[in-house]
Novice: 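Could you have a look at this structure, given as structure tokens, before my questions?
Start at 1 and go down the list; that is how both ligands and their atoms are numbered. Only heavy atoms go into these numbers, but all of them, side chains included; no hydrogens, no water, no symmetry mates.
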Amino acid sequence: MTPQHIELVKSTVPVLRENGIALTSYFYKRMLGNNPDLNNVFNLDSQNSGRQPRALAAAVLAYAENIENPSVLAKAVEHITTKHVSLDIQPDQYSIVGENLLHSISEVLDVPMDSELIAAWKAAYLQLADILIGVEKQKYENLAAQQGGWAGWRAFEITEIEVAENGKLFTIRSADQQATAQADNNEFISVKVKVPNKGIEQPHQYTLSANTENTYQFLVKPEVDHTEYSVSNILLDNYKVGDQVQVTAPQAK
Ligand code: HEM
């Protein structure tokens, strides 16, 4: 990035932050509208209920503010990449997010896409995307290299559902009956289910409770005030022993 780019980006962060809600809602609407496949990736339940973390756009703004000192963001990078890897986010998806984010910035700031300002934001986004893609590549490699490890989604079968005090305990084991990575109890997995009558899938993260060799167990609590996209409610209401879910490898939080 040139010094002019850095100046341009930093000078527009406050306006974008003030318009954070407009930026985020325009961004998600545009992106999901143009790329319906991403409805399987983003959590539609939290978006519908207005709780959608403004996290993605906010993280880009926070990064832009600290653009001369990216080490400030090391903790955020660790957090974001862990989440992304648990959702099997891939490098080619960064161009989709980037294009939609830049269009949203252009809309909110009311500047044309071919302006110097958008070129500056593009440079900033690409710099951040490069960092995240690099860290995520390393994490995928580490997960796959473990004994019984894997990267991305893997089919698991529900082997037991026990009623617990505040929900139900689901026990799962890999559908291929092969070994699965050893996990600590405070690690988490993403579990992806089919949304009834919608033709899409939705992921959600669960903390592991008890794990034996080759099985994982997690507690699913019913969610009140949620939409038909609530993964927990779908699991509780529609899934039974013998059904399959897609699961990403356990990671520390
Ligand atoms: C520079 C680019 C990006 C930044 C700065 C970024 C940042 C973030 C942040 C801060 C979170 C919230 C983490 C948490 O607290 O749970 C997040 C979550 C997420 N990100 Fe990214 N992200 C970027 C690119 C992408 C891409 C390319 C995709 C793929 C389409 C993606 C998909 C997601 C999803 C699905 C979530 C979980 C939120 C949900 O389920 O709705 N992100 N990202």
Side-chain angles (χ1 to χ4, degrees), residues 1 9 13 16-17 20-21 23-25 27-67 70 72-105 118 120-137 139-140 151-153 187-193 195 200-207 223 226-227 229-232 234 246-248 251-253:
M1 288 186 79
V9 164
V13 169
L16 288 170
R17 182 157 287 144
I21 293 175
L23 180 69
T24 310
S25 49
F27 166 63
Y28 277 107
K29 217 167 148 195
R30 187 179 199 282
M31 184 168 69
L32 297 179
N34 290 342
N35 305 275
D37 268 6
L38 290 182
N39 284 310
N40 296 291
V41 178
F42 284 91
N43 192 305
L44 301 177
D45 185 42
S46 49
Q47 287 190 45
N48 285 355
S49 61
R51 289 183 308 108
Q52 166 62 33
R54 289 176 200 59
L56 203 161
V60 174
L61 298 186
Y63 164 78
E65 241 173 9
N66 292 291
I67 202 144
V72 172
L73 292 179
K75 219 174 137 198
V77 167
E78 180 54 31
H79 176 81
I80 294 167
T81 53
T82 301
K83 181 76 175 251
H84 280 172
V85 165
S86 89
L87 290 162
D88 196 27
I89 300 307
Q90 293 296 324
D92 58 345
Q93 293 173 318
Y94 276 84
S95 47
I96 299 172
V97 165
E99 199 229 298
N100 286 288
L101 193 64
L102 293 174
H103 270 280
S104 311
I105 291 175
I118 297 302
W121 271 101
K122 185 173 181 180
Y125 176 82
L126 289 177
Q127 193 171 308
L128 178 55
D130 259 6
I131 296 171
L132 298 180
I133 289 170
V135 177
E136 284 160 21
K137 181 169 182 283
K139 285 188 192 289
Y140 285 123
W153 298 104
E187 293 193 333
F188 78 98
I189 53 174
S190 285
V191 175
K192 198 161 64 171
V193 299
V195 181
I200 62 162
E201 297 179 319
Q202 281 281 280
H204 190 68
Q205 289 70 46
Y206 293 97
T207 302
E223 295 189 302
H226 278 261
T227 67
Y229 298 102
S230 158
V231 175
S232 291
I234 292 170
Q246 298 292 319
V247 177
T248 53
Q251 294 187 85
K253 280 183 204 164

Novice: Heavy-atom contacts under 4.0 Å between Leu132 and ligand 1: side chain, backbone, both, or neither?
Specialist: side chain
Novice: Give the single entry among His84, His79, Met31, Gln202 that approaches atom 20 (N) of ligand 1 most closely by any heavy atom.
Specialist: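 That would be His84.
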Novice: I need the contact type for Leu87 against ligand 1. Using non-hydrogen atoms and a strict under-4.0 Å cut-off, is it side chain, backbone, both or neither?
Specialist: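 For Leu87, only side-chain atoms sit under 4.0 Å from ligand 1.
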Novice: Should the pair Tyr94 and His84 be assigned to parallel (<30°), tilted (30 to 60°) or perpendicular (>60°) ring geometry?
Specialist: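 Judged by the thresholds at 30° and 60°, the geometry between Tyr94 and His84 is perpendicular.
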Novice: Which one holds for Gln93 and ligand 1: side chain close, backbone close, both close, or neither close, with close meaning a heavy atom under 4.0 Å?
Specialist: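 The answer is both.
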Novice: Polar contacts were defined as any N/O atom of the residue lying under 3.5 Å from an N/O atom of the ligand; does this apply to Tyr94 and ligand 1?
Specialist: no
Novice: Going by side chain to side chain contact (heavy atoms under 4.5 Å, CB included), name the residues that satisfy it together with Leu38, two or more places apart in sequence or in a different chain.
Specialist: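 By the side chain to side chain contact (heavy atoms under 4.5 Å, CB included) rule, Leu38 matches Met31, Leu32, Asn35, Val41, Phe42, Gln93, Ile96.
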Novice: Report, one line per pair, each donor and acceptor closer than 3.5 Å where one atom sits in a side chain of residues 74-82; sequence neighbours left out.
Specialist:
| residue | atom | partner | partner atom | Å |
| --- | --- | --- | --- | --- |
| Glu78 | OE1 | Lys139 | NZ | 3.2 |
| Glu78 | OE2 | Thr82 | OG1 | 3.4 |
| Glu78 | OE2 | Lys139 | NZ | 2.8 |
| Thr81 | OG1 | Val77 | O | 2.7 |
| Thr81 | OG1 | Glu78 | O | 3.1 |
| Thr82 | OG1 | Glu78 | O | 2.8 |

Novice: Distance under 4.0 Å to a non-hydrogen atom of Val97: what atoms of ligand 1 satisfy this?
Specialist: 26 (C), 27 (C), 28 (C), 30 (C)
Novice: One residue to check: Tyr125. Relative to ligand 1, which of side chain, backbone, both or neither has a non-hydrogen atom less than 4.0 Å away?
Specialist: side chain
Novice: Checking Thr207 against Lys253: is there a side-chain donor and acceptor pair closer than 3.5 Å?
Specialist: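 Side chains of Lys253 and Thr207: pair found under 3.5 Å.
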Novice: Please state which part of Ile89 comes within less than 4.0 Å of ligand 1, counting heavy atoms only: side chain, backbone, both or neither.
Specialist: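 Just the side chain.
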Novice: Gln251 and Ser86: side chain to side chain donor-acceptor pair (under 3.5 Å), yes or no, with the steps?
Specialist: CA-CA 8 Å; Gln251 294 187 85; Ser86 89; 4.7 Å; no
Novice: In ligand 1, which numbered atoms sit nearer than 4.0 Å to a non-hydrogen atom of Asn43?
Specialist: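 Atoms satisfying the 4.0 Å criterion: 39 (C), 40 (O), 41 (O).
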Novice: Are Ser232 and Tyr206 linked by a side-chain donor-acceptor pair shorter than 3.5 Å?
Specialist: yes
Novice: Do the side chain of Ser230 and the main chain of Glu223 share a donor and acceptor less than 3.5 angstrom apart?
Specialist: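 Pair absent, no side-chain N/O of Ser230 close to backbone of Glu223.
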